[in-house]
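In what follows, a single structure is set out as structure tokens and then discussed.
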Amino acid sequence: MSAPTHNIHQLTKNTIALILAGGRGSRLMNMTDWRAKPAVPFGGKFRIIDFPLSNCVNSGIRKIGVMTQYKADSLIRHIQKGWGFMRGEFGEYVDIMPAQQRIDETSWYKGTADAVLQNIDILRARGPQHILILAGDHIYKMDYAAMLIDHVEKNADLTIGCLEVSLKDASAFGVMDVDANRRVRAFVEKPVNPPVMPGRTNTALASMGIYIFNADFLWEQLIKDSQTENSTNDFGKDIIPAVIDDHIVNAYPFLDLQSGQQSYWRDVGTIDAYWASNLELIGVKPDLNLYDASWPIWTYQEQTPPAKFVFDDSGRRGLAVDSMIAGGSIISGATIQHSMVFSNVTVNESALIKDSILLPQVCVGQNCRITKAIVEKGCEVPAGTVIGENLDDDKNRFYVSEGGVVLVTAEMLGQKLHYVR
């Protein structure tokens with residue numbers, strides 16, 4: 001049974017979303033040397049943080065805190081530029097909540113739960129009924145209001161958003177053992193032998209890192225955890241396992257409401273996953289539809305002219321096939337095939353770009369050939385450079401992933417250290 005519309009409005013109005021955006025994301029290698037993972041560009045014009053932020057706004061949740069820590073300058077600047085449209089007079093906000101050593105003056109955020117605990121005085125003063133906790137580094141579109149309704153209707157203390165994953169993949173997640181009513185009976189981080197879903201033989205329920213807590217219940221558990229010896233102050237490792245036996249903890253499956261199938265969700269935490277997830281968007285009917293006007297992804301809209309393709313001579317024709325090209329880019333007598341080109345990129349005469357991602361402000365010189373690569377922001381690729389055709393040679397100059405994706409940065413090209421924003 002669905003709640004009346006005015007109840008939905010009250011539920012979202014009295015909910016604060018907290019986006020945990022303090023992690024480096026070290027598996028993205030050099031892409032996070034100078035920025036936190038949530039600030040990494042994605043999809044031609046967005047950043048990863050834009051997806052959970054947009055989900056909040058589209059779900060009607062407009063009280064949002066973004067908890068930052070690791071090299072957060074570019075992330076903070078992006079939020080200030082792109083997410084300052086909230087109306088404070090209506091109680092709306094996107095607040096940046098950096099690690100401030102508010103409780104323990106000798107340490108920063110020690111874990112996901114500690115990040116919330118260190119801001120407990122601020123949050124309590126705002127008087128929310130529910131706290132929605134999100135990871136800031138995943139790509140997906142989700143209506144949190146539907147999860148909130150489920151949480152309230154089932155009288156839960158805690159609801160955990162979850163994905164259906166194969167047993168072979170489940171050991172990389174926090175996995176739940178649930179009964180037929182979705183009541184969580186056990187929660188194990190990265191188990192060797194994951195519990196199987198009821199009625200299935202090869203599927204497990206994995207945590208998405210999305211939690212809805214009753215606010216007063218959360219405050220109690222955070223304080224209790226902070227006083228527990230040897231706790232790592234983490235939701236998945238400490239808070240959740242401690243409350244399962246004595247409180248109502250439910251799983252909420254992230255399914256498409258029309259088809260009942262698993263909805264799109266990607267952890268772009270490795271070079272291979274980041275490369276694949278970006279190029280998925282180029283497909284005719286990608287699983288993640290960025291052109292869906294009913295669920296827009298918001299971002300800082302840089303003021304750029306339209307993309308331009310110049311020259312139509314034999315051997316130097318500016319064209320792009322099966323690709324996405326962002327504003328401000330100039331394809332000057334070059335060929336782009338099945339690639340993602342971000343804003344303000346220049347690709348010069350007779351260059352060939354295939355199966356690659358060019359981040360903002362890249363300049364590719366004449367006669368370059370780049371295949372299956374990620375070229376970082378601000379790189380100037382010298383004329384005649386060949387990347388992606390001889391991986392043994394590439395390994396001497398660049399980073400090559402397990403899947404054969406070549407990551408190129410300005411430092412690897414021997415150029416001046418580029419402060420990536």
Side-chain angles (χ1 to χ4, degrees), residues 14-26 32 35-39 48-49 52-53 56 61-80 83 86 91 93-138 144 157-161 174 187 189 207-243 247:
N14 293 319
T15 297
I16 292 179
L18 300 177
I19 301 178
L20 303 175
R24 171 178 177 174
S26 58
T32 54
R35 55 160 96 88
K37 181 181 173 184
I48 294 173
I49 190 71
L53 281 169
C56 288
I61 297 171
R62 292 176 172 249
K63 298 177 180 179
I64 306 166
V66 181
M67 297 182 163
T68 64
Q69 183 161 273
Y70 172 82
K71 295 187 179 178
D73 181 72
S74 61
L75 179 62
I76 292 171
R77 288 173 179 267
H78 174 72
I79 293 170
Q80 289 173 334
W83 290 90
M86 297 294 195
Y93 54 81
V94 176
D95 282 353
I96 297 165
M97 307 177 78
Q100 301 178 63
Q101 300 176 317
R102 296 179 61 86
I103 293 178
D104 183 349
E105 295 182 0
T106 64
S107 64
W108 300 100
Y109 293 155
K110 293 180 286 187
T112 55
D114 182 63
V116 181
L117 174 70
Q118 289 203 33
N119 292 279
I120 193 170
D121 57 328
I122 298 172
L123 298 169
R124 271 178 163 169
R126 296 178 182 180
Q129 292 182 351
H130 299 98
I131 300 293
L132 168 65
I133 295 175
L134 306 167
D137 55 0
H138 299 140
Y144 302 134
D157 297 298
L158 164 62
T159 299
I160 304 171
F187 185 97
E189 279 285 352
S207 170
M208 300 169 68
I210 297 175
Y211 314 120
I212 294 178
F213 284 88
N214 295 337
D216 290 341
F217 175 69
L218 176 59
W219 313 147
E220 293 172 4
Q221 300 311 315
L222 289 174
I223 293 170
K224 180 179 178 181
D225 177 71
S226 70
Q227 298 169 347
T228 301
E229 188 176 358
N230 297 323
S231 174
T232 61
N233 310 121
D234 184 83
F235 282 110
K237 296 177 182 178
D238 304 293
I239 298 283
I240 295 174
V243 301
H247 301 277

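Just so you know, these numbers use all the heavy atoms, side chains as well, and skip hydrogens, waters and symmetry mates. As the structure is a prediction and not an experimental result, all values here were calculated from the model.
- A donor-acceptor pair under 3.5 Å is absent between the side-chain atoms of Asn214 and the main chain of Phe217, judged by distance alone.
- Here CE of Met97 is found 10.5 Å from CD of Gln118. Values are rounded to the nearest 0.5 Å.
- Within the 4.5 Å cutoff, side-chain heavy atoms of Met67 are placed close to those of Val116.
- Going from atom CG of Leu132 over to atom CD1 of Ile16 covers 11.0 Å, rounded to the nearest 0.5 Å.
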Practice prompt. Could you walk me through whether Cys56 and Val94 pass side-chain contact (heavy atoms from CB on, under 4.5 Å), step by step?
Written response: CA-CA 10 Å; Cys56 288; Val94 176; over 6 Å; no
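- Minimum interatomic distance between Ala36 and Gly23 (heavy atoms only, all atoms of both residues): CB-O, 3.6 Å.
- Only one option out of Thr112, Thr228, Thr232 pairs with Asp238 in a side-chain hydrogen bond (donor to acceptor under 3.5 Å, both in side chains); it is Thr232.
- Shortest non-hydrogen contact noted between Gly174 and Phe187 is CA-CZ, 4.1 Å.
- Summarising the geometry, atom CG belonging to Asp234 is positioned 6.5 Å from atom CD belonging to Glu189; distances are rounded to the nearest 0.5 Å.
- Contact check for Ile240 versus Ser207: no side-chain heavy atoms found under the 4.5 Å cut-off.
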Item to complete: Show the numbers, then the answer: is there a side-chain contact (heavy atoms from CB on, under 4.5 Å) between Asp157 and Glu220?
Response: CA-CA 12 Å; Asp157 297 298; Glu220 293 172 4; over 6 Å; no
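- Within the 3.5 Å criterion, the main-chain N or O of Thr32 finds a donor-acceptor partner in the side chain of Tyr70.
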Discussion item. As a quick check of understanding, evaluate side-chain contact (heavy atoms from CB on, under 4.5 Å) for Trp83 and Ile96, giving each step before the final call.
Written reply: CA-CA 11 Å; Trp83 290 90; Ile96 297 165; over 6 Å; no
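- Formation of a donor-acceptor pair under 3.5 Å by the Gln221 side chain with backbone atoms of Val243 is not found in this model.
- Across all non-hydrogen atoms, the minimal contact from Pro38 to Asp137 is CG-CB, 4.5 Å.
- Considering Ile120, Leu158, Ile133, Leu123 as possible partners of Leu218, the one that fulfils the side-chain contact (heavy atoms from CB on, under 4.5 Å) test is Ile133.
- Checking side-chain atoms of Ser74 against main-chain N and O of Arg35 turns up no donor-acceptor pair under 3.5 Å.
- A distance of 10.0 Å separates OH of Tyr144 from CD1 of Ile212, quoted to the nearest 0.5 Å.
- Atom CG in Asn14 sits 11.0 Å away from atom CD1 in Ile61 (nearest 0.5 Å).
- Using modelled atom types and a 3.5 Å distance limit, the side chains of Asn233 and Asp225 yield a donor-acceptor pair.
- Considering all non-hydrogen atoms of both residues, Gly136 and Ile48 come closest at O-CG2, 3.7 Å.
- Residues His138 and Ile210 are not in side-chain contact: their nearest non-hydrogen atoms beyond the backbone lie 4.5 Å or more apart.
- With hydrogens and angles ignored, the 3.5 Å screen pairs a side-chain donor or acceptor of Tyr109 with a backbone N or O of Pro98.
- Heavy atoms of other residues, nucleotides or ligands lying less than 6.0 angstrom from NZ of Lys63 number more than 12.
- Interatomic distance, CZ of Phe213 versus NE2 of His247, reported as 11.0 Å (0.5 Å rounding).
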